[in-house]
Structure formats: C-alpha cells, structure tokens
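Atom set for the values below is all heavy atoms of this structure, side chains included, hydrogens, waters and symmetry mates excluded. Each chain gets a letter, A, B and so on, in the order the sequences are listed, and its residues count up from 1.
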Amino acid sequence: NAGVMQNPRHLVRRRGQEARLRCSPMKGHSHVYWYRQLPEEGLKFMVYLQKENIIDESGMPKERFSAEFPKEGPSILRIQQVVRGDSAAYFCASSRSAGNTIYFGEGSWLTVV
Amino acid sequence: GESVGLHLPTLSVQEGDNSIINCAYSNSASDYFIWYKQESGKGPQFIIDIRSNMDKRQGQRVTVLLNKTVKHLSLQIAATQPGDSAVYFCAENLRGGGSNYKLTFGKGTLLTVNP
C-alpha cells in the first residue's frame, strides 16, 4: 500500500532555472495538496487540486509558481526562474475526498544556489 | 489574523514518562484538528485527529484533548519512547466554501526523549 510518492527527493537548481516537483497521490485518492516548509517553520498551504482542476490556490505566490494535476500522471509543482528564497521543503499530500484525513509524502527538498 | 500556535518550542522528557504537547488556536470557527509528527528529513506523519464536536479522543498511546472554551488543544503521549523524538505539529482545518479544505500548521514543538 504505497503512500504519497514524491520525486525528486532532493533537487539543486541555480538561480533562474526551473524546478519541477512531482507527486503521485495514494491509491484511491483524488485530492492533492501542496505545502511548503521553510527551515524551522511549520508547513504553509500552497494549493489544492483535483484531477484537471485547481480548487484553491490561495497560498501560491502570484508569479513563477504553478501547479497542475492532469487526468493522467502525477501532480506537478513548477517553479520558474527560481530564486534563493524558494529553497525549502515542498510536501505533497493527498486525501480520498475533501474532509478525509490528509496524508503527506516524504517531501522534495529544493536548494537554489 | 487567525493562526495556530504552540506554547513551547521544545520539550525534553525522560523515557517512560508521559509527554504533553500544547497548542493554541484562534479561529473559533475551526472544526477539525490534527496532530502530526515529523522526523528530521521526513514528511509529517498523521498521529491523531479530533473534530470540534468532541472533547477527547484516544489512540494507541496518544490522547488528544480539545478545549473549545479556551481554544486549546493538547497531545498526550503515554510512556514516551526514544522513537517518539520528533517535531510535533498541530494543524487546524480552515474550511472554505464548497469543497475547499486546507490546513494551517503551527510552528511545531521539538520533543526530545532522554534514555
């Protein structure tokens, strides 16, 4: 019973490059959430998606960040033209439906050099 | 603004003792609370949750207490073990309109269990 799968686990990008983080939800889960965790801080909500729909992106920066959850394949969090402040752990989570328990993946650690 | 916060950033206990981790919340409209455990380099692991229509819920070695009057949440861990050492987060469900669902996390409490 695989959990939420994220890859890559660690990613290093130079300033100005693009970062793509992938997330496969747990089997049977159709709701995906992305959170960001800065060092020594709690997780901050970014975006909530269902298949082919963005439900709530109120936590996403207005520029350079985008997310998708296509009909087929994993959810993607895309960060364009990365800056050092984007360095953080990005966690994906999934649930069977809204209101059900949210389970987190192991995270993708992005380092911008 | 509305937020979830923790009283103590660190807690050190002896192996075998009981641990109590506290959390305050400010949004009286919140209806769902969760405790997560996060070990270094890993993702948050679900421990236990509680809905606002309950005061207490028990799991295996853990108990969550909810006091809505003072907007306080606590996690009790019985017979704390070295493997319990981690950062513990409480999270609050801020329900939006329709099917919106997102969690607001506090900063976390670092629990250290001494052998």
Side-chain angles (χ1 to χ4, degrees), chain A residues 2-10 21 23-26 29-51 53-60 67 88-111, chain B residues 1-10 21 23-27 30-53 57 59 64 73 75 86-110:
Chain A
V4 178
M5 304 300 292
Q6 290 189 247
N7 70 85
R9 290 296 315 279
H10 298 275
L21 310 176
C23 169
S24 295
M26 285 180 69
H29 288 194
S30 59
H31 296 243
V32 167
Y33 314 82
W34 285 93
Y35 285 76
R36 176 166 63 175
Q37 185 177 33
L38 296 173
E40 300 185 358
E41 292 194 8
L43 284 74
K44 304 290 187 186
F45 169 80
M46 298 181 74
V47 62
Y48 163 32
L49 311 104
Q50 295 180 28
K51 286 285 188 181
N53 286 305
I54 297 174
I55 306 302
D56 182 351
E57 55 180 347
S58 58
M60 288 276 275
Y90 291 84
F91 290 97
C92 174
S94 72
S95 65
R96 188 172 300 277
S97 64
N100 282 106
T101 302
I102 288 178
Y103 295 93
F104 283 84
E106 293 291 81
S108 291
W109 268 257
L110 171 66
T111 301
Chain B
E2 295 164 339
S3 64
V4 177
L6 294 168
H7 292 310
L8 296 172
T10 61
I21 301 172
C23 178
Y25 67 94
S26 58
N27 186 354
S30 294
D31 62 356
Y32 180 55
F33 304 88
I34 311 108
W35 281 100
Y36 285 95
K37 171 187 179 184
Q38 187 176 27
E39 296 174 273
S40 180
K42 295 188 176 182
Q45 177 186 353
F46 173 86
I47 300 174
I48 193 168
D49 58 1
I50 188 168
R51 297 199 178 274
S52 59
N53 60 352
R57 192 169 186 212
V64 56
L73 192 70
L75 176 70
V87 176
Y88 289 80
F89 293 96
C90 64
E92 170 186 13
N93 177 18
L94 300 176
R95 294 191 73 90
S99 60
N100 283 13
Y101 181 100
K102 58 189 178 185
L103 302 176
T104 294
F105 283 77
K107 285 195 173 182
T109 292
L110 172 62

Gln38(B) portion near chain A, given a 4.5 angstrom heavy-atom threshold: side chain
Side chain, backbone, both or neither of Gln6(A) within contact of chain B (heavy atoms, under 4.5 Å): neither
Distance under 6.0 Å and angle within 45° of ring axis: Arg36(A) vs Tyr90(A): no
Check: Ser24(A) side chain, Met5(A) main-chain N or O, donor-acceptor pair, under 3.5 Å: no
Ser30(B) side-chain N/O to Tyr32(B) backbone N/O, donor-acceptor pair under 3.5 Å: no
Ser58(A), part contacting chain B, at a heavy-atom distance under 4.5 Å: side chain
Side-chain donor or acceptor of Ser108(A) paired with backbone N/O of Pro8(A) under 3.5 Å: yes
